[in-house]
Amino acid sequence: MFFVAVVPALRIPVRYTCAIWISHSKFCSQSPTENNSENYEDDIRNKILAASLPYVLDQGWSKECLSKGAEKVGYPGISHGMFTRGAGDLVHYFNTSSNMKLVEILKQFQKDFTDKPISPGQFVELAIQERLKMLVPYVHKWPQAIAIMSLPPNVPTALAALLTMVDDICYYAGDRSVDFNWYMRRLGVAGVYKATELYLIQDKSLEQQNTWNFLKRRMDEAVQLHEIISKSDITSQGAKDVAKSAFVTARNILGVSWNK
């Protein structure tokens with residue numbers, strides 16, 4: 001089995017719902033009026049970001065999209081100055097909003113497969129496919145998005161979006177582990193997702209059929225590898241430390257944590 005359910009643990013997933021983050025200390029020190037003002041600004045930012053996405057098809061991931069998005073919702077084009085990371089904020093908004101849509105899909109999957117259960121591995125495969133389908137309208141511009149999110153200022157937000165997505169997928173697939181497997185599964189899902197994402201942007205097949213076949217092969221390999229690792233001496237303390245440190249390091253960079 002790709003996942004082995006154990007005693008359920010408290011789960012508090014990481015959420016990044018806007019491009020501008022508010023630290024806990026800053027939030028606590030603000031008055032209600034200041035909080036309302038910042039929420040109002042966040043609402044404006046999100047409206048502009050949402051309105052900017054349709055322009056990506058022609059303009060790419062750019063400040064020009066943000067200007068057009070601002071004008072579309074009634075703000076001056078220079079409002080793109082609200083976004084300190086420019087196109088990086090737009091790509092991040094797409095990733096986080098897509099992740100939230102995916103959560104709703106995963107919840108529906110749980111309902112749909114109640115009477116006809118599928119394996120956790122199949123669930124993960126369907127989840128990754130649904131998430132990648134959200135990229136399809138932008139697939140010709142996605143290499144640019146990857147390049148933008150590879151820039152040092154954007155790496156933390158890109159990593160945050162990826163870790164949140166794989167955590168959600170594993171959770172709704174039934175993973176409640178609190179041991180070494182927690183890290184291995186998430187690393188495995190992240191690896192399969194990123195490999196398939198890169199395949200997708202080069203795929204010329206009808207309705208991305210070659211991509212979905214590629215995804216299935218990678219998932220089959222991941223399931224087999226997980227079973228091998230689980231039954232071998234690879235689960236030594238050294239290997240556990242390596243896997244755990246990968247996620248701990250990522251979380252430290254982001255300044256966030258999960259309680260599992």
Side-chain angles (χ1 to χ4, degrees), residues 16-19 45-73 75 77 79-106 124-166 168-169 189-219 222:
Y16 293 88
T17 57
C18 62
R45 292 187 185 99
N46 288 333
K47 287 179 181 178
I48 293 175
L49 289 166
S52 300
L53 287 177
Y55 297 103
V56 171
L57 301 179
D58 294 325
Q59 302 288 331
W61 303 90
S62 63
K63 288 184 178 179
E64 287 73 19
C65 288
L66 293 170
S67 292
K68 289 182 178 296
E71 292 171 352
K72 184 177 180 180
V73 292
Y75 296 97
S79 297
H80 68 74
M82 299 174 66
F83 304 97
T84 57
R85 293 184 297 117
D89 285 334
L90 183 57
V91 178
H92 181 60
Y93 174 81
F94 171 80
N95 282 332
T96 54
S97 59
S98 295
N99 286 349
M100 288 188 286
K101 292 177 184 176
L102 179 63
V103 168
E104 297 308 311
I105 293 173
L106 298 179
V124 171
E125 181 180 341
L126 287 174
I128 292 177
Q129 183 173 345
E130 288 296 326
R131 181 62 176 81
L132 288 172
K133 283 181 178 179
M134 298 178 193
L135 302 184
V136 171
Y138 308 94
V139 69
H140 298 302
K141 302 294 184 181
W142 198 246
Q144 181 191 12
I146 293 176
I148 290 171
M149 298 312 285
S150 297
L151 297 174
N154 299 326
V155 169
T157 54
L159 187 56
L162 177 63
L163 296 184
T164 298
M165 180 192 66
V166 299
D168 286 332
I169 290 175
V189 173
V192 170
Y193 177 86
K194 295 304 291 185
T196 311
E197 177 189 54
L198 294 176
Y199 191 97
L200 173 64
I201 62 179
Q202 305 174 65
D203 187 8
K204 305 298 182 182
S205 64
L206 182 64
E207 296 182 346
Q208 299 78 44
Q209 189 56 53
N210 287 346
T211 295
W212 311 139
N213 292 338
F214 176 88
L215 171 60
K216 180 174 177 54
R217 293 194 297 272
R218 299 293 80 77
M219 280 303 306

The criterion is side chain to side chain donor-acceptor pair (under 3.5 Å); which residues satisfy it with [X], sequence neighbours excluded?
| X | result |
| --- | --- |
| E197 | W142, K194 |
| S67 | none |
| S98 | none |
| K101 | none |

For this session: Please list, chain by chain and in numerical order, all residues satisfying salt bridge (Lys or Arg N to Asp or Glu O under 4.0 Å) with K133, sequence neighbours excluded.
Result: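 Salt bridge (Lys or Arg N to Asp or Glu O under 4.0 Å) list for K133, sorted by chain: E130.
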
Exercise. Who are the salt bridge (Lys or Arg N to Asp or Glu O under 4.0 Å) partners of K47, not counting sequence neighbours?
Worked result: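 Once residues adjacent in sequence are excluded, K47 has no partner under the salt bridge (Lys or Arg N to Asp or Glu O under 4.0 Å) criterion.
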
Problem set entry | side-chain contact (heavy atoms from CB on, under 4.5 Å) partners for A158, two or more places apart | M149

Exercise. By side-chain contact (heavy atoms from CB on, under 4.5 Å), which residues pair with Q209, not counting sequence neighbours?
Worked result: S205, W212, N213

Roughly how far, to the nearest 0.5 Å, is [atom2] of [Y] from [atom1] of [X]?
| X | Y | atom1 | atom2 | result |
| --- | --- | --- | --- | --- |
| L53 | S97 | CG | OG | 6.5 Å |
| L102 | E104 | CG | CD | 9.5 Å |
| Y55 | K72 | OH | NZ | 5.0 Å |
| H92 | I148 | NE2 | CD1 | 14.0 Å |
| Q59 | L90 | CD | CG | 11.5 Å |
| T157 | D89 | OG1 | CG | 7.5 Å |

Taking all non-hydrogen atoms of both residues, which atom of [X] and which atom of [Y] are closest, and how far apart?
| X | Y | answer |
| --- | --- | --- |
| I201 | V139 | CA-CG2, 3.7 Å |
| S79 | I48 | CB-CD1, 4.1 Å |
| L57 | P137 | CD2-O, 3.0 Å |
| A51 | P54 | O-CD, 3.3 Å |

Inter- and intrachain pairs under salt bridge (Lys or Arg N to Asp or Glu O under 4.0 Å), touching [range], at least two apart:
| range | answer |
| --- | --- |
| residues 51-71 | none |
| residues 198-211 | none |
| residues 153-163 | none |

Problem set entry | Which residues share a ring-ring contact (aromatic ring centres under 6.0 Å, His included) with Y138, sequence neighbours left out | W61, F94

Exercise. Counting only N and O atoms by type, is there a donor-acceptor contact under 3.5 Å from the side chain of N154 to the main-chain atoms of R85?
Worked result: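 Absent.
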
